Amino acid sequence: MNKINKVLVANRGEIAIRVFRACTELNIRTVAIYSREDSSSYHRYKADEAYLVGEGKKPIDAYLDIEGIIKIAKQSEVDAIHPGYGFLSENIQFAKRCEEEGIIFIGPKPEQLEIFGDKVKARMQAERSKIPVVPGRSIQLEEDIRQFASEVGYPIIIKAALGGGGRGMRIVTNESELIEAFSRAKSEAKSAFGSDEVYVEKFLANPKHIEVQILADNDGNLVHLYERDCSVQRRHQKVVEIAPSVSLSEQLRKEICDAAVKLMKDTNYVNAGTVEFLVANDKFYFIEVNPRIQVEHTITELITGIDIVQSQLFIADGYDLHSDVIGIPKQEDISTNGFAIQCRVTTEDPLNHFMPDTGKINVYRSGGGFGVRLDAGNGFQGSVISPYYDSLLVKVSTWAMTFEKAAAKMVRNLQEFRIRGIKTNIAFLENVMLHPKFINGEYDTSFIDTTPELFV
Ligand code: ADP
């Protein structure tokens, strides 16, 4: 490496461990931070050094303690910080503070976070780049929404400009719901994301969610690593992801990937990012960019053989994408091989409204074998799952030459799991894998919410 010999991960759980693994393979030393509540969390023990952060703060706020994290980074003399996903990963102030302190922020530049951290600005950029967006507009007054609805028809969706993670969205199916939905959307946006700015979009009927993985270096080289299909969602949150999509025509795949590349090139994007689209009736519409590593990057790694996290480290260290060190081929030579599926195993109880369960894991045995990848956070015997953080236990990814075989491998793997002491969604995920609509690629974003037989 040139400058990066020690990295702090400003995150927890599986993604912190994922980054530590990438670093260790490159002989980069690693630093973990952990909150008091995470004292026995696995990520703490997976780094070369670990420091308590956010003492006295609420559990979530510990990982948002910008000055506390910067202080640890300086004291432990790290060269760079990887923000993971969630927490500070899209925080412009944090990226700027890193820059000020001479610490490399492993991600895009503050200017790019400025555009893509705000979905209204991101939509405007997409329009400038001549990429189709879902019909929509910024709104200030109820009247603006009424006017919009009279033009495009119900249903419509009100979204928080700074929203994320499937939160801060409200569907409005008719005019009588409008006033309440608007005021609730604004107040939810304010309390969850610190700004009550909202915008409105036409709510597309049963679309697929297709997203394109991008990697870009500081010299203007930018490639896509094809798409992921993340349509299997519950309440707008991804549950199962597939790469590549089983239902896109070659023509549409090319158009979507080209659009993603154009958008990111137009903003001189750097590092890893994902451009998200909805696809309905063979048309695609931009919805947002995630300017960071995503939970589901694993499946793109499985089908391309490219280590996205290590690529992030090299890019941040100043390497050319196509240099021997990173070794990313030119776009025309990047291809995909086989199919990969990722299931998010969580500690949620599907038979009780997906309520997160907490407590001690008494028994933990996972699957394995050829074509299986496991990215676990606190999934191990003796682990105590607290109520303070997200409910992701382990990401199970399978790879095979065909989609059907990858799904069969996933079923076999899920069946091999034995987790006792805490409820999980494993049986539910098995039902998804075995459902004819899933196997035939006939699912869209409404699949889980409209398929009661998955809940048995
Ligand atoms: P977040 O940033 O919270 O993930 P997104 O804007 O990416 O929010 O949307 C998440 C999901 O919500 C999409 O994958 C899709 O299922 C649904 N969704 C968002 N906008 C629309 C829309 N205009 N029409 C239909 N579904 C939508």
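It should be emphasised that the depicted structure is a prediction, and the values quoted were computed from it without experimental measurement. The chain is numbered in sequence order, starting from 1.
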(request) For Asn290 and Thr274, test the side chains for any donor-to-acceptor distance below 3.5 angstrom and give the result as yes or no. (result) no

(message) Under 3.5 Å, is there a donor on one side chain and an acceptor on the other for Tyr199 and Glu197?
(response) no

(message) Check this for me, if you would: do Arg344 and Glu296 make a salt bridge, where the nitrogen-to-carboxylate-oxygen distance has to be below 4.0 angstrom?
(response) yes

(message) Side chains of Gln342 and Thr298 only: does a donor on one sit below 3.5 Å from an acceptor on the other?
(response) yes

(request) Would you list the pairs meeting ring pair (Phe, Tyr, Trp, His ring centres under 6.0 Å) in which at least one residue belongs to residues 73-106, sequence neighbours left out? (result) Tyr63-Phe87

(request) Report the relative orientation of the aromatic rings in Tyr226 and His224; use parallel for angles under 30°, tilted for 30 to 60°, perpendicular for over 60°. (result) perpendicular

(message) Please determine whether a side-chain nitrogen of the Lys or Arg among Arg12 and Asp38 lies less than 4.0 Å from a carboxylate oxygen of the Asp or Glu.
(response) yes

(message) Could you check whether Lys208 pairs with Glu227 (Lys NZ or Arg NE/NH1/NH2 to Asp/Glu carboxylate O, under 4.0 Å)?
(response) no

(message) Can you confirm if the aromatic rings of Phe277 and His209 lie within a centre distance of less than 6.0 Å?
(response) no

(request) Tell me, with the steps shown, if Gln237 and Arg234 meet side chain to side chain donor-acceptor pair (under 3.5 Å). (result) CA-CA 5 Å; Gln237 292 185 36; Arg234 181 180 163 267; over 6 Å; no

(request) Using distance alone, with no hydrogens and no angle criterion, decide if Ser35 and Tyr389 have a side-chain donor and acceptor under 3.5 Å apart. (result) yes

(message) Salt bridge or not between Arg253 and Glu250? Use side-chain N to carboxylate O under 4.0 Å.
(response) yes

(message) One thing to verify: whether Asp266 and Lys262 come together as a salt bridge, which I'm taking to mean a side-chain N less than 4.0 angstrom from a carboxylate O.
(response) yes

(message) If the condition is side chain to side chain donor-acceptor pair (under 3.5 Å), which residues does Gln310 pass it with, not counting sequence neighbours?
(response) Glu25

(request) Would you please say whether a donor-acceptor pair under 3.5 Å links the side chains of Glu276 and Gln294? (result) yes

(message) Would you say Asp444 and Ser231 are linked by a side-chain donor-acceptor pair, where the criterion is simply a distance under 3.5 Å?
(response) no

(request) Over 60° means perpendicular and under 30° means parallel, so classify the ring planes of Phe438 and Phe403, tilted if in between. (result) tilted

(message) Between Glu348 and Asn425, do the side chains contain a donor N or O and an acceptor N or O under 3.5 Å apart?
(response) no

(message) I'd like to know if Glu288 and Arg123 make a salt bridge, using a cut-off of under 4.0 Å between side-chain N and carboxylate O.
(response) no

(request) Without swapping roles, check the side chain of Asp79 against the backbone of Lys6 for a donor-acceptor pair under 3.5 Å. (result) yes

(message) Any donor-acceptor pair under 3.5 Å linking the side-chain atoms of Ser383 with those of Asn378?
(response) no

(message) Closer than 4.0 angstrom, basic N to acidic O: yes or no for Arg228 and Glu211?
(response) yes

(request) With sequence neighbours excluded, give me every side chain to side chain donor-acceptor pair (under 3.5 Å) pair touching residues 399-412. (result) Arg412-Glu416

(message) Under 4.0 Å between a side-chain nitrogen and a carboxylate oxygen: does that hold for Glu188 and Arg167?
(response) no

